[in-house]
Number of protein chains: 2
Amino acid sequence: MVKVGIVGLGLMGGSLSLALQQHSKDYYFIGLDHNQKHCSEALALGLVDEVCAGLDRLQECDIIFLSIPVDGIISVIQKLDNLKKDATVIDLGSTKEKISLSIPSDTREHFVTAHPMTGTEKFGPSSALPNLYKDKVVVLCDLEKSGDYQESVAREIFTAIGMNIVSMNSKEHDRHAAFISHMPHALSYALANSVMEQEDSQSIIALAGGGFRDMSRIAKSNPYMWEDIFRQNQTNLIEAIHSLQSELKKCEKMVERKEWNNLNEWMTKANTLHDILD
Amino acid sequence: MVKVGIVGLGLMGGSLSLALQQHSKDYYFIGLDHNQKHCSEALALGLVDEVCAGLDRLQECDIIFLSIPVDGIISVIQKLDNLKKDATVIDLGSTKEKISLSIPSDTREHFVTAHPMTGTEKFGPSSALPNLYKDKVVVLCDLEKSGDYQESVAREIFTAIGMNIVSMNSKEHDRHAAFISHMPHALSYALANSVMEQEDSQSIIALAGGGFRDMSRIAKSNPYMWEDIFRQNQTNLIEAIHSLQSELKKCEKMVERKEWNNLNEWMTKANTLHDILD
């Protein structure tokens, strides 16, 4: 029996348990969440075999996942001690540099810092999905600082649940993630608020089609989780927002100056993203 | 047999035929498209019973749909003549004020200007979907200028294919559409281009998850169609872009100044959009 500790029984932690249960019956899950309702829900949904109140029980775990907001991850990392000799601790935070730097050097080899590029705008144990991780990318960062054994455990687990592994250093990751995930969240929140600010917002929203629904979906995301991410990736996020602002300004100017051919070219260039993306 | 003319055999026109065919066997479809490949595809796919080369054949139609880019709609409207006494002409353009104003007063009662709030980023006859219109909103504009009979024909048809009808004046429509559809398209194009502009765009795009895919989906949209829409709704579009820029600037400043509580409140406000939207 492999004992798996899951700190944070929300969308990411819950889905991970469901995915691992599909893969093998050999796991025993010990869950931990500061929200008591989440603990009972996770038990009722079969996401964990038991829940515990403090970090002490993690000392008997072979693998520990930290699936809580990024500030929480840094705080829990400082408190983990007396880990099993071969324990592997994998955090699933959306930012990586500050987390990686926060790990004490004497326990560094136990840790693998990972960012699964998946999620939904939902949260809590009831949002867990067995296929959330399947066919998605997971970024493993600063692997040279992890123990060889711990790296192999992490690779095995992410492969088992169907993920494609990419590795890079945490600095590079945070810059990339700002463009592909964090800034788009800022944009979606801004879009939602720009419509809500209009006098006749209700009549406007009544006309929403698929495009607007897609663009505003991630504006449902949890503010506490995203406040943390924005805080931890402040500099890169601002750079990515500036880049977006500059493109939007180009568009605005072309429309204002009636430069329709240039606008068409700009849109055609945007089309080419999908030659790479799909 | 009701003779239906469809000018423009792309996503919108093709899907309309599929929807009407599901509703009744009583329609005979005559199609028209300046693209010969679209004509043969539409015939092969059963979207139309026959295709014709010029507008003359529309003189025998009971109902005519104009499902072409908005500049094309204005041009075709000027050329339609000798319509059947009770003919109903329905244009499906994404902007409405300029189209409505362009209709000659002596034939005005034949026309119903409509904007179905649906679509996908795909185009051409092969992108047609039988349920594209189902459970979506269609906005009918300036109905006081349409004949009573023509209004009733339009209402019947849109109801038959499962749409929810909203009516408003074309000026109001164009402002609403700028916020709920046109500006979000500008935003999606800007997002795609801001990532494509990065030195390491390929590595960034390799990390794309569901959020980015959703936000960039409509950046696949046809530049020729959207150039027209941006041209026809220039003033409202610029206003909507300014509103978005102002919200994004707020976000940027809060992140820069580390005003995390304010940022959290701003995100929480964005969350409330979905109390109205869902």
Side-chain angles (χ1 to χ4, degrees), chain A residues 117-118 136-137 139 176 179-181 184 186-198 202-205 207-209 211-212 214-220 223 226-227 230-231 234 237-238 241 243-245 247-248 251-252 255-256 260 263-264 266-271 273-274 276-277, chain B residues 117-119 136-137 139 176 179-181 184 186-198 202-205 207-209 211-212 214-220 223 226-227 230-231 234 237-238 241 243-245 247-248 251-252 255-256 260 263-264 267-271 273-274 276-277:
Chain A
M117 305 302 294
T118 184
K136 303 289 165 41
V137 168
V139 187
H176 288 8
F179 275 90
I180 208 76
S181 170
L187 211 53
S188 190
Y189 284 123
L191 176 61
N193 276 336
S194 84
V195 173
M196 297 293 287
E197 279 291 326
Q198 300 310 305
Q202 300 246 0
S203 326
I204 298 177
I205 293 163
L207 306 184
F212 184 80
D214 276 2
M215 301 279 300
S216 64
R217 180 179 64 80
I218 51 178
K220 286 187 211 177
W226 282 92
E227 176 195 326
F230 283 18
R231 176 169 30 231
Q234 191 200 23
L237 174 64
I238 289 175
I241 290 178
S243 154
L244 189 280
Q245 282 166 334
E247 289 299 325
L248 193 59
C251 174
E252 182 205 337
V255 173
E256 206 169 73
W260 308 118
L263 179 71
N264 191 307
W266 181 79
M267 289 171 166
T268 303
K269 186 181 165 204
N271 285 169
L273 165 79
H274 294 276
I276 306 173
L277 186 57
Chain B
M117 305 303 294
T118 183
K136 303 289 165 43
V137 168
V139 187
H176 288 9
F179 275 90
I180 208 79
S181 171
L187 210 54
S188 190
Y189 284 123
L191 175 62
N193 276 336
S194 84
V195 173
M196 296 293 286
E197 279 291 326
Q198 300 311 304
Q202 300 246 1
S203 326
I204 297 176
I205 293 164
L207 306 184
F212 184 80
D214 276 1
M215 300 281 299
S216 65
R217 180 180 63 81
I218 53 178
K220 287 188 209 178
W226 282 92
E227 177 195 326
F230 283 17
R231 178 170 28 232
Q234 190 200 23
L237 174 62
I238 290 176
I241 290 177
S243 154
L244 188 281
Q245 282 167 334
E247 289 299 325
L248 194 59
C251 174
E252 183 205 338
V255 173
E256 207 169 72
W260 308 118
L263 179 71
N264 191 306
M267 290 170 164
T268 303
K269 188 182 164 203
N271 285 168
L273 165 78
H274 294 277
I276 306 174
L277 187 58

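Chain A is the first sequence line, chain B the second, and so forth, proteins listed ahead of strands; every chain is numbered from 1.
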In the structure I gave you, are the side-chain heavy atoms of B/Trp260 and A/Phe230 within less than 4.5 Å of one another anywhere? yes
Find the one option among B/Ser194, B/Ser203, B/Ala192 whose heavy-atom pairs under 4.5 Å with chain A are most numerous. B/Ser194
Of all of B/Met117, B/Gln198, B/Lys220, which one pairs up most often with chain A through heavy atoms under 4.5 Å apart? B/Lys220
Which bit of A/Leu277 is near chain B, if near means a heavy-atom gap under 4.5 Å: side chain, backbone, both or neither? both
Measure distances from A/Ile218 to the heavy atoms of chain B and classify the residue's part below 4.5 Å as side chain, backbone, both or neither. side chain
Answer with side chain, backbone, both or neither: which region of A/Lys136 has an atom nearer than 4.5 Å to a non-hydrogen atom of chain B? neither
Over all atoms of both residues, closest heavy-atom pair of B/Asn264 and A/Pro223: OD1-CB, 3.5 Å
Identify the two heavy atoms, one from B/Tyr189 and one from A/Asn271, that lie closest to each other, and give their separation to 0.1 Å. CE2-ND2, 4.0 Å
Nearest heavy-atom approach of A/Cys251 to B/Ile241 is SG-CD1, 4.3 Å
Honestly, the part of A/Val139 sitting under 4.5 Å from a heavy atom of chain B is side chain
For A/Ala190, check side-chain contact (heavy atoms from CB on, under 4.5 Å) against everything at least two apart and list the hits. B/Leu244, B/Glu247, B/Leu248, B/Trp266
Output all residues satisfying side-chain contact (heavy atoms from CB on, under 4.5 Å) with B/Asp214, sequence neighbours left out; order by chain, then residue number. A/Asp214, A/Arg217
Hey, are the side chains of A/Ser243 and B/Glu197 touching, using non-hydrogen atoms and a 4.5 Å cut-off? no
Using modelled atom types only, decide if a donor and an acceptor are shared between the side chain of A/His274 and the backbone of B/Ser216 within a distance under 3.5 Å. yes
Select one option (side chain, backbone, both, neither) describing which atoms of B/Thr118 are under 4.5 Å from chain A's heavy atoms. neither
A/Met196 side chain near B/Ile276 side chain, heavy-atom distance below 4.5 Å: yes
Could you report the tightest heavy-atom contact between B/His176 and A/Ile204, atom names first, then the distance? ND1-CG1, 3.6 Å
Winner by heavy-atom pair count (cut-off under 4.5 Å) against chain A, out of B/Gln245, B/Met215, B/Glu256: B/Met215
At a 4.5 Å cut-off on heavy atoms, which part of A/Ser181 comes close to chain B: side chain, backbone, both, or neither? neither
Below 4.5 Å from any heavy atom of chain A, which atoms of B/Ile205 appear? Answer side chain, backbone, both or neither. both
Heavy-atom pairs under 4.5 Å with chain B, option from A/Leu191, A/Leu263, A/Asn193 with the top count: A/Asn193
Pick whichever of B/Leu237, B/Thr268, B/Leu207 has the most heavy-atom pairs under 4.5 Å with chain A. B/Leu207
If every non-hydrogen atom of A/Met267 is compared with every non-hydrogen atom of B/Trp226, which pair is closest and at what distance? CE-CB, 3.7 Å
